[in-house]
Amino acid sequence: MERDSLIAARLIDAARQLSASLASLHFSAPVSHIYNPLTYAWGAHELYLRRYGAGPRRVVFLGMNPGPFGMVQCGVPFGEVTVVRDWLGIASGVQKPELENPARPIEGFACRRSEVSGKRLWGLFRERFGSPDLFFREHFVANYCPLAFFDHARNLTPDKLAAAEAVPLRAVCDAHLQVLVGALQPEWVIGVGAFAAARAAEVLAGSSVRTGRVLHPSPASPLANRGCWAVAATEQLQALGVWR
């Protein structure tokens with residue numbers, strides 16, 4: 001138990017350090033607004049790490065960055081608000097960021113918009129495992145980058161940033177990923193989508209950690225909208241040998 005608490009504490013310290021390191025970075029147009037939920041939604045994020053990051057995990061699912069109606073609102077990776085509140089049992093006050101995007105206001109746990117990617121991802125886990133405790137016994141969900149970027153109403157993913165700004169961002173996020181993996185000691189890191197899978201493969205090359213990929217559940221992905229995403233993702237995980 002003491003070891004598990006130390007792992008959670010290590011993740012919390014690492015998240016604080018990640019947030020502080022990212023604060024020194026600067027981004028230019030077309031980026032109009034940047035949200036860092038590790039600041040204004042820190043309470044919920046810390047609860048998530050403390051409750052569900054306490055101990056080694058065999059599999060880490062790694063997303064790219066927060067969605068506008070998910071982690072941006074509630075501080076939990078892929079955090080569709082109803083799932084975070086009703087299944088994970090996490091609810092916390094969420095502040096306003098220093099510079100709020102009027103096209104994407106922060107409503108916290110009062111947000112009624114659904115984060116489709118999070119609804120699909122956590123929906124699969126809830127259907128397969130039933131309870132959070134069973135899922136988190138061997139699994140964890142994280143994001144590679146905790147920042148959300150906007151060109152006013154348009155969501156900008158990290159792979160769309162200018163190279164000169166993406167390089168220092170990747171350096172900070174790569175370092176955090178190494179700390180995360182060092183703390184959780186997973187056998188697998190599974191990128192949710194091509195970008196996260198590529199970062200995991202590069203950062204963890206030469207280590208004993210195995211990496212893989214599942215189809216991203218975003219509604220912007222034609223493949224994810226073709227048939228049932230949960231079935232496709234399960235088949236991918238079974239083919240890798242992550243799930244039986």
Between I190 and R213, is there a side-chain heavy-atom distance shorter than 4.5 Å? no

Would you say that more than 12 heavy atoms from the other residues, nucleotides or ligands in this model lie under 6.0 Å from the CD of Q95, or not? no

Step by step, would you call V209 with V181 a side chain to side chain contact (heavy atoms under 4.5 Å, CB included)? CA-CA 9 Å; V209 181; V181 168; 3.8 Å; yes

Find out whether S19 and P146 are in side-chain contact, i.e. whether some heavy atom of one side chain is under 4.5 Å from a heavy atom of the other. no

ILVMFWY network linking V179 to L38, side-chain heavy atoms under 4.5 angstrom: no

Show the nearest heavy-atom pair for residues G79 and C74, with the distance to one decimal. O-SG, 2.8 Å

Nearest 0.5 Å, please: how far is OH in Y48 from CE in M71? 9.0 Å

The single option from F129, F140, Y52 passing ring-ring contact (aromatic ring centres under 6.0 Å, His included) against F135: F129

A200 backbone acceptor or donor facing T211 side chain under 3.5 Å: no

Please report the C-alpha distance between I90 and R85 in whole Å, then the side-chain angles of each, then the deciding distance to 0.1 Å, and finally whether the side chain to side chain contact (heavy atoms under 4.5 Å, CB included) criterion is met. CA-CA 5 Å; I90 291 175; R85 183 185 60 235; over 6 Å; no

Could you grab the distance from atom CZ of F125 to atom NE2 of H139, nearest 0.5 Å is fine? 7.0 Å

Does some side-chain heavy atom of Q73 sit less than 4.5 Å from a side-chain heavy atom of V94? no

Test T82 against E80 for side-chain hydrogen bond (donor to acceptor under 3.5 Å, both in side chains), laying out the working first. CA-CA 6 Å; T82 57; E80 212 263 349; 2.5 Å; yes

Closest heavy-atom pair, S218 versus S117, reported as atoms and distance to 0.1 Å, is CA-OG, 3.1 Å

Hey, is the main chain of H33 close enough, under 3.5 Å, to the side chain of N101 for a donor-acceptor pair? no

Just by modelled atom types, is the R104 backbone N or O under 3.5 Å from a matching donor or acceptor in the Y35 side chain? yes

Minimum heavy-atom distance between F109 and V81, given as atom pair plus value: O-CG1, 3.6 Å

If you round to the nearest 0.5 Å, how far is CG of N65 from CG of N155? 6.5 Å

Roughly how far, to the nearest 0.5 Å, is the CG atom of L169 from the CZ atom of F27? 4.5 Å

Testing the basics here: between G53 and L11, what is the closest heavy-atom pair and its distance to 0.1 Å? O-CD1, 3.6 Å

If you take all heavy atoms of E115 and P68, which pair is closest and at what distance? OE1-N, 3.7 Å

In one Ile/Leu/Val/Met/Phe/Trp/Tyr side-chain cluster, 4.5 Å: F69, V76: no

Under 4.5 Å between any side-chain heavy atoms of L184 and I7, yes or no? yes

Under 4.5 Å between side-chain heavy atoms, counting indirect links through other Ile/Leu/Val/Met/Phe/Trp/Tyr residues: same cluster for V141 and V203 or not? yes

Scan side-chain atoms only and decide if S21 and Q17 contain a donor-acceptor pair under the 3.5 Å cut-off. yes

Can you see whether D159 engages T157 through a side-chain donor-acceptor pair at a distance of less than 3.5 angstrom? yes

Is there a side-chain contact between V214 and L237 (heavy atoms, below 4.5 Å)? yes

Start with the C-alpha gap between K160 and F149, add the side-chain angles, then the distance that decides, and say whether side chain to side chain contact (heavy atoms under 4.5 Å, CB included) holds. CA-CA 10 Å; K160 300 298 191 294; F149 302 93; over 6 Å; no

So do the side chains of N143 and F78 get within less than 4.5 Å of each other, counting heavy atoms only? yes

Sub-4.5 Å side-chain heavy-atom contact between P56 and D4: yes

Quick one: side chain to side chain contact (heavy atoms under 4.5 Å, CB included) partners of A171, sequence neighbours excluded? none

Validation row: E165, S28 side chains within 4.5 angstrom (heavy atoms): yes

Spacing of Q185 atom CD and R57 atom CZ [to the nearest 0.5 Å]: 13.0 Å

Give every residue pair that meets the ring pair (Phe, Tyr, Trp, His ring centres under 6.0 Å) criterion with at least one member in residues 168-205, sequence neighbours excluded. Y144-F195

Are V116 and W87 joined in one hydrophobic group, where the rule is that I, L, V, M, F, W and Y side chains link up if heavy atoms are under 4.5 Å apart? no

When rounded to the nearest 0.5 angstrom, what is the spacing between CZ in R170 and SG in C145? 11.5 Å

With the threshold set at 4.0 Å, does a side-chain nitrogen-carboxylate oxygen contact exist between R16 and E46? yes

Residues, nucleotides or ligands: over 12 heavy atoms within 6.0 Å of R128 CZ: yes

The test is side chain to side chain contact (heavy atoms under 4.5 Å, CB included); show your working for C173 and R199 and say whether it passes. CA-CA 9 Å; C173 295; R199 295 313 312 144; over 6 Å; no

Heavy-atom closest contact (P102 atom, P105 atom, distance): O-CD, 3.6 Å

Any donor and acceptor pair, going by atom type alone, linking the side chain of R58 with main-chain N or O of V242 inside 3.5 Å? yes

